[in-house]
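Contents: one structure, followed by commentary.
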Amino acid sequence: MASSAARDTSSARETIYQAISAIRLVDPHTHINPHSPASTTLADILGYHYYTELVHSAGMPRQEIEEPGIGPRELVRRMVHGLGNITNTANYHWLLQICREFFDFTDDAITPDNWESLYDAAEEKMNGAGWAQTVLDHSNVEAVFLTNDFDDELEGFDTSTYIPCLRTDDLVFHLAKPEVRGRLERCSGVPLDGTLGSLRAALEQRFEHFVSHGARACAISIPPTFQPTMVDDGAAQNALDHVLRHDTQAEDAQRDALSRRVFWTLAELCDQYGLPFDLMIGVNRGVYPSGVFQGQDLYDSRVSLIQYKELFNAFPKVKFPISVLASVTNQELVSYSWIFPNVLTNGHWWYSNTPSFIHRDAAARLEAVPRNKQIAYYSDAYKLEFVLPKFDMYRRILSRVLADEFVGENGWSEEKAIQLGRQVLRGNVDEVFRSPLIDADSIDDSNDAADSPIVVATSGGEGELGLADDDSELSAFLASDSDAGDSDAGDEHDGFATVTDDSDRTVGSESFGKVDPLAETVNASDDELGFLDPIPTAEEIDAAEVADVVLEDASSDFDAATLDAEIDPSPLDVGDLLGERDENPTGPDAPGSNIHPLAADGEFTPDSDSMKLKPDPMTGELHFPVGEDEGGDEDQGGFGAGVFDKS
């Protein structure tokens, strides 16, 4: 009989891909401008730093790309002449997919001969009413997280679709600049009087502002040299005094101390306000100063997560979704997420965002990290059009890993693999980045009762339980039978598996105020949702009308004669426990002999000295000093005998 590893998984790949492609996404990290989220010309797309970096690297002078006053049409004309050298890249594939999906482009390449017609077609589409929402709907995206400056007013856009995220790089690394401190004073309304208290009050006001406007996370991009450790009040106040006197000319050591204190304060506020703290670790700025805009930074392999051990240990309740810039750092991230409950793997960032690296890194995470601690992917997009091709690239890779490794190698059913794909793509985003304003009471109210069915994901109307439209691929997929040989025993069946454990349950769209496609309705109690109140109130105890203690008189049923009859008149002979020997019997089993120790145990005679506990010099554990000779030296029966050394 052929092993499951030898099975052809190509069919499973496509089945899984179609299923997870139907999941309505929340993109947990972008650089979208909510006031202009979609592109207005093809130049907005070709001006993405991936393309300017690559054509510059391939030989196009920087001046041609960044000439002051260059118009969008002229920029596209110039960029097209450099695209021929990057057609092999994943980034070029994103470009073609955007043009095909959104602008009806059918050619195999963008060339000097066809770019103008493409430019005109794209501009016509982009100028249509509601273009941004069209892109979101076509991309099957419900919401995107933003990257907001700390002084962003967060007004003028729908925060349920464009979700704020407090970006704190300037606060941590640029507080020596007077203009940054001025911005903090103006937006917070807190005068910075030179004290740590006023600085903390200003930072706390920013958290209040962001949380009240629907923020779901705090985030920061961190250089490889930074080590976030606590700085005490005295050292922090000295550092602040020095920085205020010298501004950007302050000593590096003092600026670093202030940065570490501000960073630690942000972690405290994340703990206080219930926000995850996204850490994007390892970028070295300005490595190539002659590069194009945003094309000057590279990773540094000297970074290690050991630099963050104090932070992870100090804030066990703060979730730290972590992105690493290089695939070579991924194994360390996997290991830390393996051990630390508050460390999560987060996306495939920047130079790791290519298919070969994603495949290796994603497989390692899925094989080693608990499934509820993985944020599978984010687009990092600057314009909405890029969300679709980037996520589609990831879905293809995820489908391959799930089909080959989990269905093919581990014998999972396709339904079970799809459940895992859904959890890492959407379910964990909903759970990890839950609004801190949502509590158990509001969720209970929204669902009427604890035992009422909870819609975890649909694609019908908003708040409506149902599948996708009848003519969609998802409906066809759900209606079809799964391969007969792929069903596992238990609660899974043709189509999608019934959710039977918390790891597969996605409350999901409730936290974003909308519904999410491709999921089930589950009957979830408060306990299953994690809102368990084990201590009843006094009112609840009184309402139960149940006595704490019930006293009953059992004397009427007591029969002393019957009890006496059940006593064995012959006592049990257990030998001479006091150690007194008879005069004549010999041998270890003779009556009256001493109790003999088990093998490898020493024998001792109790006295006042031997009964004192003494610490083991190797482990510090307290032991009776069994096996010590008269001189106090330890033999094999002494301290540490039989102790397992775990290094």
Side-chain angles (χ1 to χ4, degrees), residues 13-14 17-18 20-21 25 27 30 32 37-60 65 72-126 128 131-132 134-141 292 294-295 348 350-359 377-400 473:
R13 289 185 192 180
E14 186 60 24
Y17 169 75
Q18 292 296 336
I20 64 177
S21 294
L25 299 170
D27 188 339
T30 77
I32 299 294
S39 301
T40 57
T41 70
L42 198 59
D44 289 335
I45 293 174
L46 276 176
Y48 192 20
H49 68 85
Y50 280 101
Y51 303 115
T52 57
E53 291 163 0
L54 287 169
V55 298
H56 175 52
S57 175
M60 179 177 289
I65 301 169
R73 197 176 193 94
E74 177 61 17
L75 174 63
V76 172
R77 185 191 70 78
R78 295 181 186 183
M79 290 286 293
V80 165
H81 286 279
L83 294 180
N85 290 316
I86 69 168
T87 56
N88 57 297
T89 65
N91 316 92
Y92 185 82
H93 180 75
W94 302 342
L95 176 62
L96 282 184
Q97 189 169 3
I98 288 172
C99 294
R100 289 167 178 164
E101 292 278 354
F102 295 111
F103 312 133
D104 304 321
F105 186 69
T106 57
D107 292 351
D108 294 332
I110 302 172
T111 69
D113 296 327
N114 62 17
W115 76 267
E116 289 189 273
S117 60
L118 173 60
Y119 186 98
D120 294 336
E123 189 171 31
E124 182 179 357
K125 292 267 191 177
M126 294 170 180
W131 173 245
T134 298
V135 175
L136 286 171
D137 292 341
H138 188 76
S139 305
N140 204 14
V141 172
V292 296
Q294 295 181 321
H348 301 269
W350 209 338
Y351 297 112
S352 296
N353 191 33
T354 54
S356 58
F357 293 137
I358 293 174
H359 185 275
Y377 194 72
Y378 54 75
S379 73
D380 211 11
Y382 284 74
K383 291 294 182 181
L384 287 177
E385 289 85 355
F386 279 97
V387 177
L388 186 153
K390 285 187 166 188
F391 265 96
D392 199 54
M393 174 187 68
Y394 179 81
R395 286 187 293 242
R396 288 285 183 190
I397 298 167
L398 178 61
S399 300
R400 179 150 51 103
E473 294 181 6

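All values below were derived from every heavy atom in this structure, side-chain atoms included, with hydrogens, water molecules and symmetry-related copies excluded. Note that the numbering runs from 1 along the sequence shown for the chain.
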Do K125 and D104 sit within salt-bridge range, that is, some charged N less than 4.0 Å from a carboxylate O?
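Yes, K125 and D104 are salt-bridged.
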Got a salt bridge between E14 and R396, using NZ or NE/NH1/NH2 to carboxylate O under 4.0 Å?
yes
Working note: M79 + V55, criterion side chain to side chain contact (heavy atoms under 4.5 Å, CB included); need CA distance, chi angles, decisive distance, verdict.
CA-CA 7 Å; M79 290 286 293; V55 298; 3.8 Å; yes
Ring centres of F105 and F103 under 6.0 Å apart?
no
Let's go through N353 and Y377 carefully: what are the C-alpha distance in whole Å and the side-chain angles of both, what is the deciding distance for side-chain hydrogen bond (donor to acceptor under 3.5 Å, both in side chains) to 0.1 Å, and is it a yes or a no?
CA-CA 10 Å; N353 191 33; Y377 194 72; 2.9 Å; yes
Are the side chains of L95 and L46 in touch, meaning some heavy atoms are under 4.5 Å apart?
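Yes; the side chains approach each other to less than 4.5 Å.
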Determine yes or no for a side-chain-to-main-chain donor-acceptor pair under 3.5 angstrom, with [X] supplying the side chain and [Y] the backbone.
X    : Y    : value
S57  : E53  : no
Y51  : N91  : yes
S379 : V387 : no
T354 : S356 : no

How far apart are the C-alpha atoms of E385 and W94, what are their side-chain angles, what is the distance that settles it, and do they pass the side-chain hydrogen bond (donor to acceptor under 3.5 Å, both in side chains) test?
CA-CA 10 Å; E385 289 85 355; W94 302 342; over 6 Å; no
More than 12 non-hydrogen atoms from neighbouring residues, nucleotides or ligands closer than 6.0 Å to CG on N88, yes or no?
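Yes, because the 6.0 Å sphere around CG of N88 holds more than 12 heavy atoms from other groups.
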Taking only residues two or more places apart in sequence, or in another chain, which ones meet D392 in a salt bridge (Lys or Arg N to Asp or Glu O under 4.0 Å)?
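Partners of D392 by the salt bridge (Lys or Arg N to Asp or Glu O under 4.0 Å) criterion, ordered by chain and then number, come out as R395.
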In sequence, state the C-alpha distance, the side-chain angles, and the governing distance for H348 and F357, and then conclude on ring-ring contact (aromatic ring centres under 6.0 Å, His included).
CA-CA 8 Å; H348 301 269; F357 293 137; over 10 Å; no
